[in-house]
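Have a look at the structure below, then the notes.
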There are 2 protein chains.
Amino acid sequence: MTAKDKLTTSQITDILSKEIEDMDYSENDKFATEREIMERFSISRMTARQALNFLVAKGILYRIKGRGAFVNKRIIQRSHTIYSFTELMKERGMAAGSKLIEFKKVIPPEIARLNLAMSEGEFCYLIKRIRLADGEPYAYEIIYTPVSLVPNLDEYDLEKDSFYRILQQEYHKEFSYDKKTISAVKTDGEVSQALYNNDHAIALKILDILYDVNHNALEYAESWYHAEKYSYLSISVKK
Amino acid sequence: MTAKDKLTTSQITDILSKEIEDMDYSENDKFATEREIMERFSISRMTARQALNFLVAKGILYRIKGRGAFVNKRIIQRSHTIYSFTELMKERGMAAGSKLIEFKKVIPPEIARLNLAMSEGEFCYLIKRIRLADGEPYAYEIIYTPVSLVPNLDEYDLEKDSFYRILQQEYHKEFSYDKKTISAVKTDGEVSQALYNNDHAIALKILDILYDVNHNALEYAESWYHAEKYSYLSISVKK
DNA sequence: AACTTATAAATGTATATACAATAAATGCAA
DNA sequence: TTGCATTTATTGTATATACATTTATAAGTT
């Protein structure tokens, strides 16, 4: 192996994190030592350390002085990702689907406009869907997203496609963090009919604002989840 | 300054993070450069980098190549902490209190026993409280915690004191992560009476399991929060 | 004025080295 | 066998150095 064949640290972290997934290490399994990584990739120890540090920062590993590096619990790894409805359903072993109720350009309500940091008179896409799990109503959602951010969004099929996938892969938006406000509410009207086929039931309401790496809000969304079918899982990791 | 006077990296990170709080930098304010930190504390650049990296790992700073380090949004800093009810109320500018309903040693129900990884026949403390905000009922909570973990817990005043404070400061338990399952439920009986003074209302139910650094569960708690007064805020940061 | 180029400032990556601190394994003595 | 001391393996900390990459600014050039 010549010097030019050497991999970069980020390539090495990619290889290592894939190995953790594929060879599926169990949680708390001992991981390779700094020395092993150093020799395997022909890099200095400090560089091997840096590769390990990336995996620690990502929440994949944790380290104990004098013992080594260990694979974190799945639940902690999970806390470092942002889930779409589609991914959530996949995780729970159900088929995600949508029934599109409304999809048009609108002037957003003020609460959405302010959270999306839009100027008055600017247009949003409004996406109103009933989210289905294995064909059954699971949630009722309304998404607002600025037209300027995702022009020609109407070319996509929001019944079959994932909005988060479109944002990331088609419009190259990189998610950074999201802010969810979760409350218990009574439902009525359209929401209640869609979820329960009757009036005056209850739901878990989630208000979501998703940001990219430059602190731009990508979406403002209100969702009502079926109270019997869904509960929200929140993992807080102390740093 | 002689060599022996030199501060350790962790002392330096403490100083820097306190300065961020006290001199309260606004979000996205430019922070000191590596070179400034290096000269100020008479350390090498790599060491200054490491100090900065700690602050990045803690979610306090973020860095942009070619520009410098910047102070993260409060909301992101907050996502790296675990809140007690007491701290939550403080954050919202309300006075936290409790009305103790029940406090005794019991054999825990199976769901609590399994989540606390306890053997059969082992005893738990049961703490049943109505949580008050500015004197008004805010939540109804039941906590189970193994007697073996916190012997003589009954010496403390759970009406005035914070259980999380006692865990950390009196029993030296170090929190690592917690797992919350959040759902919308109908209330009745004791819970409904305590929160709403009537039957058949709704509440935000939070099931909480708190772990220490060795993955030992410290508490299993069920809480019912007043649906009109409380909503749960969840920040997910992508790594 | 607009564009290009050079420079400086800042973080990022990589290496080499030395020693400290912790944890587990080993060996030895009572 | 138990207890203690030693060794070994491993991560943690700190320094010095060199060059790469990105960003913003300044200086020319047209």
Side-chain angles (χ1 to χ4, degrees), chain A residues 1-17 20 25 28-72 174 176 213-215 239, chain B residues 1-17 20 25 28-72 174 176 213-215 239:
Chain A
M1 187 189 274
T2 69
K4 292 212 168 175
D5 290 332
K6 274 197 183 166
L7 300 168
T8 64
T9 311
S10 87
Q11 285 172 315
I12 292 171
T13 57
D14 283 349
I15 291 170
L16 294 177
S17 58
I20 291 169
Y25 283 80
N28 300 333
D29 267 5
K30 195 172 183 321
F31 193 66
T33 66
E34 294 176 349
R35 187 164 180 180
E36 284 163 357
I37 293 168
M38 163 188 160
E39 284 168 357
R40 172 172 167 199
F41 296 103
S42 305
I43 53 176
S44 72
R45 187 185 148 222
M46 289 308 277
T47 309
R49 271 183 71 73
Q50 198 165 33
L52 282 169
N53 281 333
F54 273 117
L55 296 173
V56 171
K58 279 188 178 179
I60 294 174
L61 299 178
Y62 64 95
R63 309 165 93 182
I64 302 177
K65 186 193 277 196
R67 287 183 57 198
F70 303 85
V71 177
N72 242 330
E174 199 179 337
S176 164
V213 288
N214 302 119
H215 302 293
K239 286 293 174 67
Chain B
M1 188 189 274
T2 70
K4 292 212 170 177
D5 291 332
K6 272 196 185 169
L7 299 169
T8 63
T9 311
S10 87
Q11 286 172 316
I12 292 171
T13 57
D14 283 349
I15 291 170
L16 294 177
S17 58
I20 291 169
Y25 283 80
N28 302 329
D29 266 4
K30 196 169 183 323
F31 193 65
T33 66
E34 294 177 350
R35 187 163 180 177
E36 285 164 357
I37 293 168
M38 163 186 159
E39 282 168 357
R40 172 172 168 199
F41 296 102
S42 306
I43 54 178
S44 71
R45 187 184 148 222
M46 289 307 276
T47 309
R49 271 182 71 72
Q50 200 165 32
L52 282 169
N53 280 334
F54 275 117
L55 296 173
V56 171
K58 279 188 179 179
I60 294 173
L61 298 179
Y62 64 97
R63 309 164 93 182
I64 300 177
K65 185 193 279 198
R67 288 183 55 198
F70 303 85
V71 177
N72 243 330
E174 199 180 337
S176 165
V213 288
N214 301 120
H215 302 292
K239 285 294 174 68

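Chain letters run A, B, ... following the sequence lines, proteins first, then strands; residues in each count from 1.
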(message) Does the protein touch nucleotides 20-26 of chain C at the base, only the backbone, or not at all? Give it as B, S and - per nucleotide, heavy atoms under 4.0 Å.
(response) -SBSS--

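Distance, Q11(B) CD to dT13(D) C1': 13 Å, rounded to whole Å. Counting to the nearest Å, the P atom of dT10(D) and the CG atom of L61(A) are 16 Å from each other. Distance, L52(A) CG to dT11(D) C1': 10 Å, rounded to whole Å. Y62(A) has its OH atom 18 Å from the C1' atom of dG12(D), to the nearest Å. With rounding to whole Å, M38(A) atom CE is found 12 Å from dT10(D) atom P. M46(A) has its CE atom 8 Å from the C1' atom of dT13(D), to the nearest Å. Rounded to a whole Å, the CD atom of E34(A) is 15 Å from the C1' atom of dA16(C). Rounded to a whole Å, the CZ atom of R35(B) is 12 Å from the P atom of dA8(C).
Smallest separation of non-hydrogen atoms from K30(A) and R67(A): CE-O, 3.3 Å. What you find for A51(B) and T13(B) is that their closest heavy atoms are O-CG2, 3.4 Å. Counting all heavy atoms, side chain and backbone alike, K58(A) lies closest to K239(B) at CA-CB, 4.0 Å. Pairing each heavy atom of A32(B) with each of I37(B), the nearest pair is CB-CG1, 3.9 Å.
Ranking dT15(D), dT15(C), dA10(C) by closeness to the S44(A) side chain, first place goes to dT15(C).
Residue E174(B) qualifies as open at atom CD: its count of foreign heavy atoms under 6.0 Å is 12 or below.
Contact annotation for T33(A): backbone-only contact, meaning every heavy-atom pair under 4.0 Å involves sugar-phosphate atoms and none involves a base.
Annotation: side chain of N72(B) is not in contact with side chain of I60(B) (no heavy-atom distance under 4.5 Å).
Dashed line: the shortest gap from a side-chain N or O of R63(B) to OP1 or OP2 of dG12(C) is under 4.0 Å.
Relative orientation of the Y25(B) and F31(B) rings is tilted, given thresholds of 30° and 60° on the angle between their planes.
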